[in-house]
Amino acid sequence: MVIFSEDHILETRKRGRIEVICGSMFSGKTEELIRRLKRAKFARQRVEIYKPAIDIRYSEEDVVSHDSNSISSTPIESSASILLFSSDIDVVGIDEAQFFDKGLADVCSKLADSGVRVIIAGLDMDYKGVPFGPMPDLCAIADEVTKVHAICVKCGQLAYISHRIVKNDKRVLLGEKDEYEPLCRECYNKALKESTD
Ligand SMILES: [Zn+2]
C-alpha cells in the first residue's frame with residue numbers, strides 16, 4: 001500500500017486543491033505539513049502558513065512540530081483573515097486547523113477555486129472522540145485526506161485517540177506529552193472503564 005501517493009502533485013503548475021492531514025496527537029501531522037510546504041518552497045512556490053492565534057505553545061510566529069523542525073507562520077484570529085493575507089500565494093498551509101472557526105472550510109474552498117493549493121493539518125477528534133471544530137467539514141471537501149497515526153503507548157497498535165491523562169474538562173487544552181497519551185480504541189475503552197470503576 002502506498003501511504004503518501006504524490007504522483008498527481010505537480011509542484012510547478014498552479015492548480016487549486018485541498019489536502020487534509022489529520023490524526024491524533026503524536027501522529028506526525030505537523031511534520032508531514034512541514035515536509036510538503038518545504039518541498040513546495042524548494043520548487044520556488046510562494047508559500048504562506050497560518051495557525052490559530054490560540055496556539056502559542058512554543059513560539060508566536062513559527063509552526064513548530066514536536067521535534068522542533070519549524071517553519072515561519074502567521075498567527076491569525078479568524079479564518080476570514082486568511083483570504084486577506086493570501087493574494088499572490090501558490091500554497092497555503094494551515095496548522096492546528098481544529099482550533100479555527102467553522103468558516104475555515106468555506107475559506108479553503110475559495111482559495112482552491114482560485115488556484116491555490118491548500119494543505120491543512122489538524123486533530124481529527126478531541127480527547128473524548130468528538131470530531132474537532134471544522135475538521136469534519138474540511139475532510140469532506142478535501143481532494144485528498146491523509147490520516148496519520150501515533151502508536152498506542154499501552155500495546156503498540158496504531159493509536160486511535162489522544163487520551164487526556166490529567167483531569168480537566170476544558171476542550172481546548174493545548175497538548176504536551178504530560179497531558180495526553182495516544183491510545184488504540186481497545187486500550188482507550190479500557191482506560192475509560194478503569195477511571196469510572
Ligand atoms: Zn492499545
Side-chain angles (χ1 to χ4, degrees), residues 1-6 18-37 49-52 54-59 62-71 73 79 93-102 104-105 108 118-196:
M1 192 183 80
V2 178
I3 297 175
F4 298 122
S5 164
E6 297 176 310
I18 299 173
E19 298 162 36
V20 171
I21 306 158
C22 67
S24 68
M25 289 175 51
F26 315 109
S27 62
K29 297 181 300 296
T30 300
E31 288 82 355
E32 176 58 16
L33 173 70
I34 290 171
R35 189 187 71 82
R36 293 186 196 185
L37 294 172
I49 307 131
Y50 306 101
K51 65 174 184 182
I54 186 175
D55 188 33
I56 49 166
R57 265 174 295 178
Y58 306 97
S59 144
D62 286 349
V63 168
V64 181
S65 68
H66 291 260
D67 66 0
S68 300
N69 183 13
S70 71
I71 185 164
S73 76
S79 63
I94 299 168
D95 196 26
E96 302 287 357
Q98 75 277 359
F99 292 132
F100 275 107
D101 52 276
K102 285 272 190 182
L104 185 60
C108 292
V118 187
I119 313 173
I120 303 150
L123 273 177
D124 45 8
M125 292 178 283
D126 67 10
Y127 73 103
K128 287 178 172 170
V130 177
F132 212 142
M135 291 305 288
D137 294 358
L138 291 165
C139 287
I141 62 163
D143 296 82
E144 181 190 286
V145 178
T146 305
K147 187 141 176 166
V148 287
H149 297 89
I151 298 294
C152 174
V153 294
K154 305 268 189 206
C155 75
Q157 296 292 307
L158 289 183
Y160 156 77
I161 197 164
S162 318
H163 175 237
R164 187 179 287 169
I165 308 163
V166 295
K167 282 246 178 290
N168 189 327
D169 281 336
K170 219 172 123 211
R171 191 181 199 196
V172 180
L173 192 62
L174 293 172
E176 263 299 54
K177 278 184 181 133
D178 330 338
E179 282 140 25
Y180 297 90
E181 59 183 7
L183 292 181
C184 71
R185 194 184 286 272
E186 203 183 332
C187 294
Y188 175 67
N189 287 330
K190 233 183 260 174
L192 279 191
K193 200 165 173 288
E194 278 162 15
S195 69
T196 53

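Computed over heavy atoms, backbone and side chain alike; hydrogens, waters and symmetry mates excluded.
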Which value, rounded to the nearest 0.5 Å, describes the distance between Cys152 atom SG and Ile161 atom CD1?
11.5 Å

Quick check: are there more than 12 heavy atoms from other residues, nucleotides or ligands sitting under 6.0 Å from NZ of Lys193?
no

If every non-hydrogen atom of Ser79 is compared with every non-hydrogen atom of Asp101, which pair is closest and at what distance?
OG-OD2, 2.6 Å

Using 0.5 Å steps for rounding, measure from the CD1 atom of Ile141 to the CD1 atom of Ile120.
6.5 Å

Residues Tyr188 and Leu183: closest non-hydrogen pair is CA-CD1, 3.7 Å

Looking only at atom types and distance, does a side-chain atom of Glu96 sit under 3.5 Å from a main-chain N or O of Lys51, one as donor and one as acceptor?
no

Write down the atom of Leu104, the atom of Leu138, and the distance for their closest heavy-atom approach.
CD2-CD1, 3.7 Å

Value rounded to 0.5 Å, distance of CZ in Arg164 from OH in Tyr180
3.5 Å

Any Lys/Arg nitrogen of Glu32 or Lys29 sitting under 4.0 Å from an Asp/Glu carboxylate oxygen of the other?
no

Going by an N to O cut-off under 4.0 Å, is there a salt bridge joining Glu144 and Arg36?
yes

Could you pull out the closest heavy-atom pair between Ser162 and Met25, with the gap in Å?
OG-N, 2.9 Å

Gap separating the CG atom of Leu33 from the OG1 atom of Thr146, nearest 0.5 angstrom:
11.0 Å

Smallest separation among heavy atoms of Asp124 and Cys22, with atom names
CB-CB, 4.1 Å

Holding to side chain to side chain contact (heavy atoms under 4.5 Å, CB included), I want the full list of residues that pass it with Pro182, two or more places apart in sequence or in another chain.
Phe26, Ala150, Val153, Ala159

Taking atom OG of Ser27 and atom NZ of Lys147, what is their separation to the nearest 0.5 Å?
9.5 Å

Backbone N/O of Glu19 and side chain of Asp143: donor-acceptor pair under 3.5 Å
no

Separation of Cys108 SG from Ile119 CD1 (nearest 0.5 Å)
11.5 Å

Considering all heavy atoms, the nearest Ala142-Val20 contact
CB-CG2, 3.7 Å

Using ring pair (Phe, Tyr, Trp, His ring centres under 6.0 Å) as the criterion, list what pairs up with Tyr160, not counting sequence neighbours.
none

Report yes if the side chains of Glu186 and Lys154 come closer than 4.5 Å at any heavy-atom pair, otherwise no.
no

